[in-house]
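Just the heavy atoms: all of them, side chains too, but no hydrogens, waters or symmetry mates, feed the values below. As the structure is a computational prediction, the values presented were derived from the model and not from experiment. Counting from 1, the numbers follow the sequence of the chain as shown. Counting starts at 1 for both ligands and their atoms, following the listed order.
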Amino acid sequence: MEIRLLIVDDAAFIREVLIQIAKKAKISVVGEAADGEDALEKALSLKPDIILMDIVMPRKSGIQATKDILAQLPLTKIIACSTEGQESMVVKALEAGCCDYIVKPFDVNNVIKILQNTKIAQKPREGING
Ligand SMILES: [Mg+2]
């Protein structure tokens with residue numbers, strides 16, 4: 001089953017790193033967003049299975065964006081991306097509904113493992129034989 005991933009980070013180079021990691025994991029990146037407001041809009045239009053969500057971003061934080069997205073798309077799996085030393089942010093992200101978290105700088109194998117272990121919601125299949 002194809003996993004559809006949305007990547008959210010205000011730093012373009014971090015989004016690029018995550019795109020390369022997703023490619024390695026054979027997961028399709030359906031979109032990118034550069035702040036929490038953009039993340040909400042893209043989540044609603046693209047309906048990704050998984051979102052990699054930066055926490056500290058302009059316009060709207062990853063924590064608020066997580067709450068807003070889950071209020072409308074409760075089955076979305078959101079993985080928080082925090083920076084080393086921001087443990088209190090991780091707690092807030094998990095309280096907001098994130099299912100897991102990864103820490104920058106990224107350990108590529110760990111990110112792949114977390115993406116592959118994330119249980120995505122089953123969607124109705126299209127076509128007779130799926
Ligand atoms: Mg940031």
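Remark: Ile78 CD1 to Leu94 CG distance equals 11.5 Å, nearest 0.5 Å. For the atom pair CG of Leu6 and NZ of Lys47, the computed distance is 12.5 Å after rounding to the nearest 0.5 Å. Summarising the geometry, atom CG belonging to Asn110 is positioned 10.0 Å from atom CD1 belonging to Ile112; distances are rounded to the nearest 0.5 Å. Atom NZ of residue Lys23 and atom CD1 of residue Ile27 lie 13.5 Å apart, to the nearest 0.5 angstrom.
For the Mg ion (ligand 1), the count of nearby protein N, O or S atoms, meaning those under 2.8 Å away, is 3.
Under the 4.5 Å side-chain heavy-atom criterion for grouping Ile, Leu, Val, Met, Phe, Trp and Tyr, Val91 is not connected to Val56 through any hydrophobic cluster.
Within 6.0 Å of atom NZ in Lys104, more than 12 heavy atoms from other residues, nucleotides or ligands are found, so the atom counts as buried in its surroundings.
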